[in-house]
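Scroll down for the structure; my scribbles are underneath it.
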Amino acid sequence: MNVQSPMGLAAAAAAAVRPCRHRLLSSATAAGTATSATATTLFPRCPHPYLHTHGRRLPFLASAGSQHASQTGPATTPTPIPGSVPTTDPRAAVSGNLPFFDRVLFPDTFPVETPPTGEDDAAAAAMQADEEVAPAPPVREESDTEREAWRLLRRAVVSYCGEPVGTVAAEDPECTETLNYDQVFIRDFVPSALAFLMRGETEIVRNFLLHTLQLQSWEKTVDCYSPGQGLMPASFKIRTVPLDDNNEGFEEVLDPDFGESAIGRVAPVDSGLWWIILLRAYCKITGDYALQERVDVQTGIKLILSLCLSDGFDMFPTLLVTDGSCMIDRRMGIHGHPLEIQALFYSALRCSREMLVMNDGSKNLIRAINNRLSALSFHIREYYWVDMKKINEIYRYKTEEYSHDATNKFNIYPEQIPSWLVDWIPEKGGYLIGNLQPAHMDFRFFSLGNLWAIASSLTTPKQAEGILSLIEEKWDDLVANMPLKICYPAMEDDEWRIITGSDPKNTPWSYHNGGSWPTLLWQFTLACIKMGRPELARRAIAVAEERLSDDKWPEYYDTRSGRFIGKQSRSYQTWTIAGFLTSKMLLENPELASILTCDEDLELLEGCSCCLSKRSRCSRRVIKSKVVG
Ligand code: GLC
C-alpha cells in the first residue's frame, strides 16, 4: 500500500478535475474528438445528493433481474451511464488511429477471429447464448462465516451518483488512519466483482467497468510524471467537492490515482490487464456482449494493448516493467519481466482476442496479439520453467557462449542457483521462476504468477499439473497456517537491505516479502478447478475458514508459516473477504471457472515461426514436443 501524504491529498483534491489527461466521454462524438481534447469537464458529474457526510456510500442492493446472467436471450442493450457513449457501430472505433500496429511485422500465419457482433445472424446469437455461463443460485445454506463475509462485502461497496461502482480496499471501523485503503483499487475489486457476478448481481461490475474506462489515461506529459496513454489507474476515490465558493451545493467526482501521487510513482501495469480480464468475465456470465462491442469499450481495450505492445528497447516477448508495478507495489526486486505481469499480460491478450470486433482497423492488432501470444508462451514455457532436471541443467551450464545456438541463452552463471533451492526443488513437479533477465534468474516462487499462468494456459498442461503438485508437496511452506504465500522464500539480511532498500514493511516473512495473503485463495481455487483438483482447493479453503472471521479478515499474515496476523495488516480487507467468497462459490459451481480461464490453443504454437532458432522454421511437431511438453 502506498501512502498518500497530506501534501499528496491536497494536490489530489486540487486536481479533482484533471483536464487533458483523461478520456472525454461526455458527448456522442467523444471517440472521434478525444485525441484533441483539451480542458473540459472530464468525469460525469452529478449534483451531490447530500452534504458531505451523507450518502457517500450506500448499501448495495441487487437490482433484481437486471441483466441477470441466467438470461438466455440475445444480449441486452446496455443502459448508458452518465457521460458514456452508447454506440451501435463498432466500426466507428478509433482503431484506425493506432498507427503502431501497421508497423508490426506479421507473418500471415494466423486465422483472425472475431466474436459475433450485434449484426450477426440468429445462429451467432444462439451460439452466444450457448456460451453464456449462468450464475448458480445457492444450493445450500450459507455458513455463518459466509453470511458475515457477504455483510462485510456489501458494507465495502461505494456509490457514485447513487449507483454502486466498486468496493473500498478495506473498511476497518477501528482504524482511524485510512491511508489509501478507502479507495477502490482495480486489482482488489476483481474478486468482489466475481462474487457479485456469480450471485447474479451484475450492475456494480458493469458500472465499475464503464467508470474506470472513463478514468483511463489519455495524454502523456512526461514533465508532470503523468501516465502513458491507455494506462488504467491503480485506484480511484469518490470525492465530494463544493460546486462553488459558497459551499451551497456539492457534487461527486471520481479521482483516479495512477501511482503518480503515491510513494514511488510507479505505474500500475496490472490494472488494465485486470480490467480486460474482468470485462470478458462479465460479458461471458451475463451474455451482455453488447458491452464489449461498444466503441468506447473497444477503444479502451485497444489503448491498453497499444501501450503493452508498443516498441521499446526490449528484445524479449515478455513485458518490461519497473519494480512494484503489480500486486507487489513496493520495491521487491521484481523489475524487468516479472512473472505476475507476464501471466496477466498473456491472459489479457487472450481475452482481448476474443472480444475485439474485427474490422479493417483491428485486423493488424489481432495479428500482433497472436504473434505476441505465441512468442510469449514459448518464452515462458521454455525459459521460466524449472524442475529438478532443468535446475541440474543450469547447474552444469557453460557460460559466455556467443552464438545463436547457445544453450545458456541468457548467460546465467550457475553460481546463481540459490542454496535453498537445491534442497527445496521436489523430484516431482516444478514451477515458473519469478523473473528472467540477461544473466539473472529470480528463482523465488511467486504464487499469483504461477496460478494465473495455469488459469490462462500460459503453461503447458503438464507444467500446470507440475505447479499444483509442487504446491501440494510444499504445503507447509506455501500454505501452512494461511493460504497463500505471496512469494517464497523471503529475502533476509543483506539481500533484504539491498533489494527492498531496507523497507520496514517488507521485513523477512512479512507483507510482500514472504507474507501470506488470503486473497490469493481464489486464484488458487481457480487453478485447482481448471486442473481437476478441487480437493486441493477445498483443503486450503478449510485452513482459511478456520481463522479468517476470528482474525477479522486480515490483509496478510506474517511469519514463515503464516501464524501471526501481519504486523501492519488492515482488518476487514475487502479482497480477503471477497477472495474467500469467490473461492467458495467457484468450488460450488466449478463450471463458472470458464469465465476466467482460457484453454490451450494449439494454433498459437503453429504460429511460432521464429521461436526455436532464427534459421530453421519450426514444424508443428517440433514445437509441440518442445512447448506442449
Ligand atoms: C497493498 C497491496 C496492493 C493492494 C493494495 C490495496 O498495497 O500491495 O496489491 O492493491 O494494498 O489493498
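Counting starts at 1 for both ligands and their atoms, in listed order. Just so you know, residue 1 is the first one in the sequence shown, and it goes up from there. We use all heavy atoms of the structure for the numbers below, so side chains are in, but hydrogens, waters and symmetry mates are not.
Considering both main-chain and side-chain atoms, Y181 never comes within under 3.5 Å of ligand 1 through any nitrogen or oxygen pair. Looking at F185 next to ligand 1, no N or O pair under 3.5 Å apart turns up. Looking at ligand 1, you won't find any N or O of W575 less than 3.5 Å from one of its N or O atoms.
Between W575 and F185, the distance from one ring center to the other does not fall under 6.0 angstrom.
For R330, the heavy-atom gap to ligand 1 stays at 4.0 angstrom or more. At least one heavy atom of H512 sits less than 4.0 Å from an atom of ligand 1. Residue-ligand proximity: Q183 is placed with every non-hydrogen atom at 4.0 Å or more from ligand 1.
Applying the side chain to side chain donor-acceptor pair (under 3.5 Å) rule to W150 yields the partners E142; only residues at least two apart in sequence or on another chain are considered. Scored by the side chain to side chain donor-acceptor pair (under 3.5 Å) test, D550 finds no partners at all (sequence neighbours excluded).
Between the R331 side chain and the G324 main chain, no donor and acceptor come within less than 3.5 Å of each other. A donor-acceptor pair under 3.5 Å links the side-chain atoms of Q216 to the main chain of G230, judged by distance alone.
Using cut-offs of 30° and 60° for the angle between ring planes, the F208 and F236 rings count as tilted. Taking the six-membered ring for Trp and thresholds of 30 and 60 degrees, F316 and H379 have ring planes inclined between 30 and 60 degrees apart.
Heavy-atom proximity to Q573, at under 4.0 Å, picks out these atoms of ligand 1: 12 (O). The E555 neighbourhood of ligand 1 comprises atoms 1 (C), 11 (O), with distances under 4.0 Å to a heavy atom of that residue. For ligand 1, the atoms closer than 4.0 angstrom to any heavy atom of D188 are 4 (C), 6 (C), 10 (O), 12 (O).
At a heavy-atom distance under 4.0 Å, only side-chain atoms of Y511, from C-beta outward, approach ligand 1.
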